[in-house]
Amino acid sequence: MNISAISELRLSVLHKLPPKADGKYVVYWMTAARRDRWNFALQRAIGWALELKRPLVIIEVLACGGRWDSDRHHGFVLQGMVDIARRMKKCPALYYPYVESKPGECRSLFGAIGDEACVVVTDDYPIALPSMQTVNAHASVRIEKVDSNGLLPLRATNQAFPTAYAFRRFLQRTLREHLLDAPESAPFARVDLPRLRLMPAAILRRWPPALTRLLAGESADLSALPIDHNVPTVTTVGGPDAAEARLTKFLAERLGSYPELRNQPEADSTSGLAPYLHFGHISAHEVFNELARQEGWSPARLAEKTSGSREGWWGMSEAAEAFLDQLVTWRELGFNFCEHESKYDDYQSLPPWCKATLSKHAKDRRPHTYTVEEFASAGTHDRLWNAAQRQLTTEGEIHNYLRMLWGKKILEWTAGPQEALDIMIELNNRYAVDGQDPNSYSGIFWTLGRYDRPWGPERPIFGTVRYMSSENTARKVRVGSYLRRYSADVD
Ligand SMILES: Cc1cc2nc3c(=O)[nH]c(=O)nc-3n(C[C@H](O)[C@H](O)[C@H](O)COP(=O)(O)OP(=O)(O)OC[C@H]3O[C@@H](n4cnc5c(N)ncnc54)[C@H](O)[C@@H]3O)c2cc1C
């Protein structure tokens, strides 16, 4: 393994300094790709450690101070830290999980680490989450950011795409070469590095690593952190172990029925991988590779035709292609947008036709209006909407089909589209385990028309933005047992 194995497209250098000759170690500052495999940034850091003959320190950071930090999100990341700590015991690197107890601690830790390190490698991610803002650009060390987000490097294009169709066509023309460039599944295999047993005493004293009790997510320890304790942990277990188990189960038991059942909220037929992809506990490359292996696939099966069609380009089964359209086309469409549009969460980033039609109907009479608190407490008149919101607050997820309805109704039941956007962002990012992802913004803005086209007839409130109703949803998909499960009278 060597440093040049990472494509230039995935690498950006924040501080163009040479590696420090008298540095004590190479650091991987892990903030987004929270895993020990299928990870270009980790691979780059191992490459540097080999080249410079220095120990490798992997510092996984969990910052606080973000608007939506809560027991739910922290608990999920901490569970991942436990997995990584166990896996790293067998690897020639020192793993150092660091959890902030006050905002800003990570930045000062970064500064102290930077003084001693030869090079720091960190994750590139298109959204500035609190943990990613811990990179202290004043540190006197070479800092490299590496993009491990998806099959297509974020910088493979300068363009943000207006529709999934346009992006799919682009992928079909360009993805072939990138598919051959995957990160290592086991980057430490056959790697021998000098070992650092402990961090320097001064660092250990001032920035002690997360304690086992905290990593276990014990509520007494979580309660000491300055995060929202009203959003409790969920039963879905975080971490690379749970992610890989979920992938295995999905491929073995659910993939076959994915095209017919993925829109059925009661069928439990989707992968459930979104929170794991969001926190980097699993890589899109690993998911793709396992799927391709099961399908007996090779790149020779890719079609020459690049028409942007959903079916037929990959040369895989119908079920695999339907799944890849979500995992690759839709997921990476959101990453592409956030990479190229700095105002990805701003109402003004909507396409002009959406703003025009929503503005024309902004003053239309609303049949009902609710405050963010009423929405949050599932206090609307609509039983299906309330059930979806209850699933979100208790389990941290909503099935994709009902998530679309959930957003459309917030648009219908608020004073105007800007307020609807604010409420969707607030509820999605506070309660969804996979919230604050580029796809949070894809999904939310989709309900306001992004990536869609105008639909007739023009209606009140929505104008020509696609409309959805609970009645039609209940006719199209089975929701009987879903309603029973998440209704207030069940509590
Ligand atoms: C209002 C609204 C809000 C949303 N908020 C989020 C969010 O916070 N985080 C999030 O990851 N997704 C969000 N989505 C997209 C989608 O609902 C979820 O990605 C999906 O439900 C996750 O379930 P799964 O992992 O079982 O998906 P699967 O069907 O198994 O798909 C596999 C993967 O493909 C990606 N994917 C699937 N559907 C979509 C989609 N419609 N758009 C983009 N990527 C997709 C996800 O990474 C997913 O894990 C939102 C959609 C809407 C309409």
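In this text, all values refer to a predicted model and were calculated from it rather than measured experimentally. We count ligands from 1, going down the list as the structure has it; atoms in each ligand are counted the same way.
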**OP:** Look at atom 28 (P) of ligand 1 and find which of Tyr276, Tyr401, Tyr258 reaches it with the closest heavy atom.
**Re:** Tyr258
Original post:
Would a 4.5 Å heavy-atom cut-off, applied to side chains only, mark Ile84 and Pro97 as touching?
Top reply: no
Original post:
Identify the closest protein heavy atom to atom 12 (N) of ligand 1: which residue and atom is it, and at what distance?
Top reply: Asn439 CB, 3.6 Å
Original post:
So is Met404 close enough to ligand 1, meaning a heavy atom under 4.0 angstrom away?
Top reply: yes
Subject >> N or O contact, Asp434 vs ligand 1, cut-off under 3.5 Å >> reply: yes
Original post:
Which of the atoms in ligand 1, numbered in the order shown and given with their element, are less than 4.0 Å from a heavy-atom of Gly435?
Top reply: 8 (O)
Subject >> Option whose closest heavy atom lies nearest to atom 41 (N) of ligand 1, chosen from Asn400, Leu333, Leu324 >> reply: Asn400
Original post:
Which value, rounded to the nearest 0.5 Å, describes the distance between Glu260 atom CD and Ser269 atom OG?
Top reply: 9.0 Å
**OP:** Evaluate the side-chain proximity of Leu405 to Ser470: yes if any heavy-atom separation is below 4.5 Å, no if none is.
**Re:** yes
Subject >> Closest candidate by heavy atom, reference atom 3 (C) of ligand 1, pool Glu332, Glu397, His399, Arg403 >> reply: Arg403
**OP:** For residues His285 and Ser148, determine if any side-chain heavy atom of one lies less than 4.5 Å from a side-chain heavy atom of the other.
**Re:** no
**OP:** Check ligand 1 against Ala274 and write out every atom of the ligand that is under 4.0 Å from a heavy-atom position of the residue.
**Re:** 11 (O), 22 (C), 25 (O), 49 (O)
Original post:
At under 4.0 Å between heavy atoms, which part of Phe323 makes contact with ligand 1: side chain, backbone, both or neither?
Top reply: side chain
**OP:** Report yes if some N/O of Thr447 lies less than 3.5 Å from some N/O of ligand 1; otherwise report no.
**Re:** no
Original post:
Hey, does the Lys NZ or Arg CZ of Arg450 hover above the aromatic six-ring of Phe337, less than 6.0 Å from the centre and inside 45° of the axis?
Top reply: yes
Subject >> Interatomic spacing from CG in Leu171 to NE2 in His178 - rounded to 0.5 Å >> reply: 9.5 Å
Original post:
Is it true that a side-chain atom of Glu266 and a backbone atom of Ser481 form a donor plus acceptor pair closer than 3.5 Å?
Top reply: yes
Original post:
Distance from Tyr467 atom OH to Leu411 atom CG, nearest 0.5 Å?
Top reply: 10.5 Å
Original post:
Which heavy atom of the protein is the closest neighbour of atom 30 (O) of ligand 1, given with residue, atom name and distance?
Top reply: Ser271 OG, 2.6 Å
Original post:
Do the side-chain N and O atoms of Tyr28 and Asp123 include a donor-acceptor pair separated by under 3.5 angstrom?
Top reply: yes
Subject >> Nearest neighbour of atom 52 (C) of ligand 1 from the list Ala432, Gly334, Gly443, Gly272, on a heavy-atom basis >> reply: Gly443
Subject >> Atom indices of ligand 1, in the order listed, that fall short of 4.0 Å to a heavy atom of Leu327 >> reply: 34 (O)
**OP:** Specify the protein heavy atom at minimum distance from atom 42 (N) of ligand 1: its residue, its atom name, and the distance to 0.1 Å.
**Re:** Trp330 CB, 3.8 Å
Subject >> Lys/Arg-Asp/Glu bridge criterion (N-O < 4.0 Å) met for Glu426, Arg67 >> reply: yes
Subject >> Atoms in ligand 1 with a heavy atom of Leu273 nearer than 4.0 Å >> reply: 25 (O), 49 (O)
Subject >> Geometric cation-pi criterion, Arg293 with Trp297: 6.0 Å, 45° >> reply: no
Original post:
Quick one: does ligand 1 sit under 4.0 Å from the side chain of Leu277, the backbone, both or neither, non-hydrogen atoms only?
Top reply: side chain
**OP:** Under 4.0 Å, heavy atoms only, figure out whether ligand 1 is touched by the backbone of Ser440, its side chain, both or neither.
**Re:** both
Subject >> atom 38 (N) of ligand 1 [closest protein heavy-atom partner, distance rounded to 0.1 Å] >> reply: Gln326 OE1, 3.0 Å
**OP:** Kindly confirm or rule out an N or O of Trp406 lying under 3.5 angstrom from an N or O of ligand 1.
**Re:** no
